[in-house]
Structures are given as structure tokens and as C-alpha cells.
Amino acid sequence: MKNRILVACVGVPLILVVLFVLPKPFTPTMIAILAAVGTYEAMHAIGMNHPRIALYTAVLAIAIPFWVYAGESRAAALTALLIYLILVFVEAAASGRRVKIERVGGAFFFALLISYGLSSVVRMGMLEDELRTACVLLPIALPFVVDAAAMLTGKYLGRHKLAPKLSPKKTVEGSVGGLVGGVVICLLYGLVFQKITGVTVNYYFLAVYGILGAVISQVGDLFFSYIKRTRDIKDFGHLLPGHGGVLDRFDSVIFCAPLIEILMTWIPAFK
């Protein structure tokens, strides 16, 4: 627990500085680093250890946030995809069929899932200043709070297992606690930013964000728990003491950030 708190004390201010203090290009840079490390962890978990294919896939994961930041050019995406496929095919063919196609496919899948999912933060960071301030932190803060609320509720009140074959420690009570935590953080988030920026806040919509965000955050957590169980590993990595790897900490954000972006588009809570 001590290491977990220390990492949070360093990581949270760093994220805040990148999102709110440094120039906008630092946001895709941060997301690219997280995406590259997360993709590497996922590739290692599924046994994709071919060094050059792993390198090409990590570069693809790094490129996606900058592609999003630059406007998501279709020509650039097709060019990068074609180059990636050619390079991977050459390496796979040269391996004498030692590289399994399911691992190649898995590497590509994780690069897209992790990097493009996290890149929703980049898109929200490109909004006008007041909306950017109101929106950009929510897809990170919401799943973090949901995870903490679920963990604490489950620790003290948990009685019924939620999905024992996927995540033995998760409980139904913890899941409900995470749901409540999601609603509370969204409402508090809206209140604080209304006071700071003066933007108009729809608290009913924020409550919807909290409910749906809490559900999808826990789905994301269980999805990556499923991968860990199928590969018989406890954590994806050890980069963040007390948390595990980047994927162990940001698995929920990968699912939650796109949802928040969609909700911001269809039922905007900040105006």
C-alpha cells in the first residue's frame, strides 16, 4: 500500500502538469509513452517476443496519438498501416514460420486498442480552452476513483464474488461501491470546474457519465484480468510499484476515455 500511495503522489501531479501546464503537444507525447509501454507489456504477456515485430508494433502505438493530434489524416493512416503490414510480413516470413500468426494479430490488436483508446484524451485536450480544462482530466480521474472505491468497498464490505475466474478479489459489493464512487467523482468534478472556469454544467448528464463510466471502467478492468488469467500472470509489469505495469493502472482508462468522448459529443455536460 505504501508503494501504491507513493506512486500516486508522483504520478498524479505529473499528469496534471502535462494536461494543464505544459503546451498541448505534451499530451500526445505522454499518451504515446503510455501506449508504447502498455503495448509492450501486452505483447510480452501473449508471448510476442520477436524483437523487430515488437519494435514495429511499439512504433505504431507511439504514432497513433500524434496522428490523432495532427487531425487523423486518412492518407497518413493508410501509409503507416501498409508499411507496418509489409515489415511484419517480411519478418514473419523470414522467421521460417516460427512467429505464430495469432501472436502477430494479437500484437496489432493491442497496439490499436491501447493507443487509440487512450488517444481520446488527446482529442479532448484539443478542445477550446474552457472546455478542454473541463473535459480532459475526467476520463483519467473517473476510472481511477472507480477503481479505488471498488477496492476499498470490496475490502471492508465484500462478501459475494463478482467474477472469481477472472479476478478472484473483486466482489459485487465492491462493484457497487465503484458505481457510487463514479457518480460522486463526476458530480464533484463538475462542481469544482464550474467554480474554477464558470462553465455551465449539467449535473444530470454528469451522473449518467458516472454510472456508465463506472460500468465500462470495470468492464475494462475485467477484460485485461481475463488476459492475465489466460496467460497465468499476476501483473502485466512492474514499472509502477504497488500497481504493477502501465496496463494494470490504465486498463480502465483505455475503455473509459472513448466512452467519455462519446458522451461529451452526444450529451455534453459542459457548455
Can you tell me how far the [atom1] atom of [X] sits from the [atom2] atom of [Y], to the nearest 0.5 Å?
| X | Y | atom1 | atom2 | result |
| --- | --- | --- | --- | --- |
| Ile254 | Ser119 | CD1 | OG | 10.5 Å |
| Ile260 | Cys186 | CD1 | SG | 6.0 Å |
| Ile211 | Leu206 | CD1 | CG | 11.5 Å |
| Asp221 | Cys256 | CG | SG | 12.0 Å |
| Ser73 | Leu78 | OG | CG | 8.5 Å |
| Ser225 | Leu162 | OG | CG | 10.0 Å |

Does a side-chain heavy-atom distance below 4.5 Å link [X] with [Y]?
| X | Y | value |
| --- | --- | --- |
| Glu261 | Met124 | yes |
| Leu247 | Phe110 | no |
| Glu72 | Arg123 | yes |
| Phe250 | Ile114 | no |
| Phe20 | Leu137 | yes |
| Val184 | Val145 | no |
| Thr200 | Phe270 | no |
| Val21 | Leu16 | no |

How far apart are the closest heavy atoms of [X] and [Y], and which atoms are they?
| X | Y | result |
| --- | --- | --- |
| Met48 | Ala107 | CG-CB, 4.1 Å |
| Val99 | His50 | CG2-CD2, 3.5 Å |
| Ala36 | Ala58 | CB-O, 4.3 Å |
| Gly117 | Ala257 | O-CB, 3.7 Å |
| Val201 | Gly190 | CG2-O, 3.7 Å |
| Met264 | Pro268 | O-CB, 3.3 Å |

Do the side chain of [X] and the main chain of [Y] share a donor and acceptor less than 3.5 angstrom apart?
| X | Y | value |
| --- | --- | --- |
| Arg98 | Ser95 | yes |
| Asp248 | Phe236 | yes |
| Thr230 | Ile227 | yes |
| Ser167 | Ala163 | no |
| Tyr209 | Leu263 | yes |
| Tyr189 | Leu138 | yes |

Transitive ILVMFWY side-chain link [X] to [Y], under 4.5 Å:
| X | Y | answer |
| --- | --- | --- |
| Ile140 | Ile262 | no |
| Val59 | Phe66 | no |
| Met43 | Leu55 | no |
| Ile62 | Phe26 | no |
| Phe224 | Tyr226 | yes |

Practice task
Could you list the residues that satisfy side-chain contact (heavy atoms from CB on, under 4.5 Å) with Thr153, not counting sequence neighbours?
Solution key: Leu157
Problem - side chain to side chain donor-acceptor pair (under 3.5 Å) partners of Tyr69, counting only residues at least two apart - result: none
Completion exercise
By side chain to side chain donor-acceptor pair (under 3.5 Å), Glu41 pairs with (sequence neighbours left out) none
Fill in the blank from the handout: Per side-chain contact (heavy atoms from CB on, under 4.5 Å), Phe108 is matched among Leu81, Ile53, Val88 by Leu81
Fill in the blank from the handout: Hits for salt bridge (charged side-chain N to carboxylate O under 4.0 Å, His left out) against Asp251, two or more places apart or cross-chain, chain-then-number order -> none
Completion exercise
Residue set satisfying salt bridge (charged side-chain N to carboxylate O under 4.0 Å, His left out) with Arg52, at least two apart, ordered chain then number -> Glu91
Problem - Pair Lys234-Lys228, side-chain contact (heavy atoms from CB on, under 4.5 Å): steps then yes or no - result: CA-CA 6 Å; Lys234 183 179 183 295; Lys228 287 188 285 188; over 6 Å; no
Problem - Qualifying salt bridge (Lys or Arg N to Asp or Glu O under 4.0 Å) pairs with a residue from residues 175-189, counting only residues at least two apart or across chains - result: none
Exercise for the section: Go through the steps to decide whether Ile185 and Val146 satisfy the test side-chain contact (heavy atoms from CB on, under 4.5 Å), and finish with yes or no. Expected result: CA-CA 9 Å; Ile185 186 58; Val146 169; 5.6 Å; no
Practice task
Show the numbers, then the answer: is there a side-chain contact (heavy atoms from CB on, under 4.5 Å) between Val253 and Phe144?
Solution key: CA-CA 8 Å; Val253 181; Phe144 281 13; 3.7 Å; yes
Practice task
Inspect the surroundings of CZ in Phe255 and state if more than 12 heavy atoms from other residues, nucleotides or ligands are less than 6.0 Å away.
Solution key: yes
Exercise for the section: Assess the side chains of Thr57 and Tyr84: does a donor N or O sit below 3.5 Å from an acceptor N or O? Expected result: yes
Exercise for the section: Apply the test side-chain contact (heavy atoms from CB on, under 4.5 Å) to residues Met30 and Leu22: give CA-CA distance (whole Å), side-chain angles for both, the deciding distance (0.1 Å), then the verdict. Expected result: CA-CA 11 Å; Met30 177 184 72; Leu22 297 178; over 6 Å; no
Practice task
Measure up the Tyr116 and Trp67 rings against each other and bin them: parallel (under 30°), tilted (30 to 60°), perpendicular (over 60°).
Solution key: tilted
